[in-house]
Amino acid sequence: MNIILLGPPGAGKGTQAKRLEEKLGLAQLSTGDMLRAERKSGSALGRKVQAVMDAGQLVSDDIIIELIAQRIDGLTGAKGFILDGFPRTVPQAEALDRMLAEKGLKLDAVIEMTVDEAALIERIAGRFSCAGCGASYHDSFNRPKREGVCDVCGGKEFVRRADDRPEAVKIRLEAYRQQTAPILPYYRAKGVLRTVDGMADIDEVGRQIEAILGRA
Ligand code: AP5
């Protein structure tokens, strides 16, 4: 099963992708995580995208398409994939269609997660993640079970993202409205677009997504 989680910054794409990865054995392919890994490794690509990402703008389509094509090519063992943060522009959606067609793969569902803007800002402002394994938490909505200790890897160091500053968040939300929202009609026309209420709590959003996938 191959799906896309689509939604604005802070909608909960990464949170739900991790849950689906564990529950259904699908591989999470997050372009944001891939770019952050490049940055952490100090690669030429990582240095190239750093300023654009920290400002809250989108990285160029050609870089992203190359990155995701390599990951889809390298997938082994998973029962399919969850695209998280890709595609984000119409050219990226078109490139994905070409990649899938070349490999004889299909998209089973594109799941749009809708969340009010005020809630997005609150979610992003309170987000932090484990410096070791990247597990994501929230100051109010999703704290580690043991204070100061990562549930997943036991790490004790946590970080906040540079692009979660209010100035960058404003630009990210605008990029979503201008560049990403136009792909919704693209997938609606293909008959694969489904919508979940991303305002619900994390477990309830997960149940809504699983109900859709059960029918896909
Ligand atoms: P990326 O990493 O993809 O960021 P994003 O799309 O802005 O999404 P976020 O990671 O901020 O949010 P999310 O929806 O995953 O929410 P999360 O689950 O963390 O991209 C970063 C940058 O990389 C881009 O700005 C761009 O520069 C570049 N980039 C990446 N892909 C690109 C592409 N394809 N093209 C061009 N450039 C690209 O949840 C947020 C918080 O809310 C967490 O604290 C969580 O615990 C909490 N939470 C989650 N769900 C709920 C809930 N239901 N109720 C309450 N709290 C919740």
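Counting from 1, the numbers follow the sequence of the chain as shown. Order of listing sets the numbers, starting from 1, for every ligand and every atom in it.
Under 4.0 Å from ligand 1, the heavy atoms of Arg172 that appear belong solely to its side chain. Of all the heavy atoms of Ile202, the ones lying under 4.0 Å from any atom of ligand 1 are found in both the backbone and the side chain. Contacts between Asp61 and ligand 1, counted as non-hydrogen atom pairs separated by less than 4.0 Å, are absent for every part of the residue. At a heavy-atom distance under 4.0 Å, only side-chain atoms of Leu35, from C-beta outward, approach ligand 1. Contacts of Phe128 with ligand 1, taken as heavy-atom pairs under 4.0 Å, are absent altogether. Looking at Val59 against ligand 1, both its backbone and its side chain come within 4.0 Å, counting heavy atoms. When non-hydrogen atoms are compared, ligand 1 lies under 4.0 Å from the side chain of Arg161 (C-beta onward) but not from its backbone.
Taking 4.0 Å as the cut-off, Ser60 does not count as a neighbour of ligand 1 on heavy-atom distance. Residue-ligand proximity: Ala175 is placed with every non-hydrogen atom at 4.0 Å or more from ligand 1. Contact between Val52 and ligand 1 is absent, with no heavy atom of the residue lying under 4.0 Å from the ligand.
Less than 4.0 angstrom separates some heavy atom of Gln92 from each of these atoms of ligand 1: 33 (C), 34 (N), 35 (N), 36 (C).
Exactly one of Arg39, Arg172, Arg36 qualifies for a salt bridge (charged side-chain N to carboxylate O under 4.0 Å, His left out) with Asp54. That residue is Arg39.
At least one N or O atom of Arg36, backbone or side chain, sits closer than 3.5 Å to an N or O atom of ligand 1.
By the rule that hydrophobic residues join a cluster once side-chain heavy atoms approach within less than 4.5 Å of another member, Leu184 and Leu120 end up as members of separate clusters.
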